[in-house]
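Some notes on the structure that comes next.
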Amino acid sequence: MATCIICHLGIIEGLDSSQDCPNGHFAHIDCLKEWLVHSLNCPLCREPYPKEVIGQFKEYIDLKENLKQITNDKQKKQEEVKKMERISSKISFLKFVESIEILINEKEFDYALSRLDLHNDSDIPIEIQQDILFLMGKINYLRGRYDLAINQLFKLVKENYYYPEGFLYLGKAYEALGLEDKAQWAYERVK
Ligand SMILES: [Zn+2]
Ligand SMILES: [Zn+2]
């Protein structure tokens with residue numbers, strides 16, 4: 001009894017319909033139909049199936065192709081929407097940062113900190129959380145709370161070593177406390 005090269009089960013003569021490739025490799029019709037959706041060559045010897053063979057399944061292959069295309073399009077659209085959402089949340093965060101900068105310039109430190117506190121939660125992207133931590137550290141430095149500033153900025157640069165402004169204000173806070181060695185260490189990491 002011949003064996004199907006796709007499912008490896010027997011092909012029972014008179015019961016199972018089958019088709020072979022030009023090199024005589026048999027497959028169940030139903031197995032071949034699925035296979036042709038992925039490839040038009042024999043899975044065993046890679047010989048292309050003749051046009052007449054493929055023709056029998058053309059409708060089914062086209063249908064599957066269309067379904068694949070529709071699924072791909074759907075995924076692309078979803079990705080597009082996600083991208084737009086990321087961009088718009090980034091833009092609204094930039095506006096928020098601008099409003100914080102204004103408060104800092106006006107020396108409204110407590111108000112700025114309370115607004116940052118409201119914005120801070122673990123659902124937001126990590127880069128934004130780090131920017132918030134930076135702004136809190138910077139504000140604490142500006143209002144003379146060097147201990148708090150060091151605490152926050154140190155946590156920030158531990159999470160993101162490539163945050164030059166974090167090191168800059170960390171250095172300033174150390175310097176303000178007279179910790180010259182530590183300030184030096186932070187300044188060296190600014191660039
Ligand atoms: Zn089979
Ligand atoms: Zn073959």
Side-chain angles (χ1 to χ4, degrees), residues 1-100 115-136 152-167 189 191:
M1 181 171 62
T3 310
C4 170
I5 51 170
I6 295 166
C7 71
H8 304 292
L9 297 177
I11 295 170
I12 302 161
E13 225 172 297
L15 186 69
D16 292 334
S17 28
S18 63
Q19 172 70 59
D20 61 346
C21 83
N23 290 328
H25 301 129
F26 278 92
H28 293 113
I29 285 288
D30 283 340
C31 294
L32 182 61
K33 190 167 143 183
E34 289 302 331
W35 173 257
L36 289 173
V37 173
H38 305 286
S39 165
L40 300 178
N41 300 339
C42 169
L44 199 61
C45 65
R46 313 249 166 233
E47 189 75 26
Y49 282 99
K51 277 204 182 80
E52 316 83 79
V53 174
I54 296 166
Q56 298 172 50
F57 306 104
K58 193 172 180 318
E59 235 171 86
Y60 183 73
I61 296 168
D62 288 350
L63 177 74
K64 282 281 179 137
E65 272 302 316
N66 282 340
L67 283 176
K68 234 199 301 188
Q69 194 57 44
I70 289 168
T71 316
N72 281 347
D73 288 352
K74 242 191 212 160
Q75 272 171 355
K76 260 189 211 149
K77 265 194 198 127
Q78 277 170 350
E79 278 162 25
E80 200 68 16
V81 168
K82 272 195 195 140
K83 204 173 141 194
M84 293 305 291
E85 280 172 357
R86 272 202 304 275
I87 291 172
S88 88
S89 84
K90 185 90 204 175
I91 289 173
S92 73
F93 180 68
L94 288 177
K95 279 193 186 138
F96 171 71
V97 169
E98 248 172 61
S99 75
I100 295 293
R115 290 207 58 187
L116 285 168
D117 249 341
L118 279 180
H119 218 84
N120 210 5
D121 72 69
S122 49
D123 288 344
I124 56 180
I126 188 80
E127 325 76 87
I128 291 187
Q129 287 181 42
Q130 290 176 354
D131 287 348
I132 288 178
L133 197 53
F134 167 72
L135 286 166
M136 288 176 151
Q152 286 160 334
L153 294 167
F154 200 79
K155 198 172 148 204
L156 167 66
V157 298
K158 226 166 89 182
E159 274 173 24
N160 181 359
Y161 199 74
Y162 301 96
Y163 207 106
E165 282 194 286
F167 277 113
R189 280 152 186 83
K191 52 165 179 86

| field | Min side-chain heavy-atom separation Phe26-Asp20 under 4.5 Å | value | yes

| request: Calculate, to the nearest 0.5 Å, the distance between atoms SG and CD1 belonging to Cys42 and Ile5 respectively. | output: 3.5 Å

| Is atom CE of Met84 surrounded by more than 12 heavy atoms (other residues, nucleotides or ligands) closer than 6.0 Å? | no

| Would you say the side chain of Leu32 lies within less than 4.5 Å of the side chain of Val53, judging by non-hydrogen atoms? | yes

| field | Those residues that, when tested against Phe167, pass ring pair (Phe, Tyr, Trp, His ring centres under 6.0 Å) (two or more places apart) | value | Tyr161, Trp185

| message | I want to check something: taking the side chain as every heavy atom from C-beta on, are Leu9 and His28 in contact at a cut-off of under 4.5 Å? | response | yes

| task | First locate atom OG of Ser92, then atom CD1 of Ile128, and finally report the distance between them rounded to the nearest 0.5 Å. | result | 7.0 Å

| How many angstroms lie between CD1 in Ile6 and NE2 in His25, if you round to the nearest 0.5 Å? | 12.0 Å

| message | When you measure from the side chain of Ser39 to the backbone of Leu36, do you find a donor-acceptor pair of N or O atoms at a distance under 3.5 Å? | response | no

| request: Working to the nearest 0.5 Å, report the span between CG of Asn66 and OG1 of Thr71. | output: 10.5 Å

| message | So, using ring pair (Phe, Tyr, Trp, His ring centres under 6.0 Å) as the criterion, who are the partners of Phe134 when residues are at least two apart? | response | Tyr163, Tyr169

| field | Test item: Gln129 side-chain N/O and Ile124 main-chain N/O as donor-acceptor pair under 3.5 Å | value | yes

| Is any NZ, NE, NH1 or NH2 atom of the basic residue among Glu65 and Lys68 found under 4.0 Å from an Asp or Glu carboxylate oxygen of the other? | yes

| note | Tightest non-hydrogen contact, residues Pro48 and Pro22, listed as O-CG, 3.5 Å

| request: Could you grab the distance from atom CG of Leu116 to atom NE2 of His119, nearest 0.5 Å is fine? | output: 8.5 Å

| Interatomic spacing from CD1 in Ile132 to CZ in Arg115 - rounded to 0.5 Å | 11.0 Å

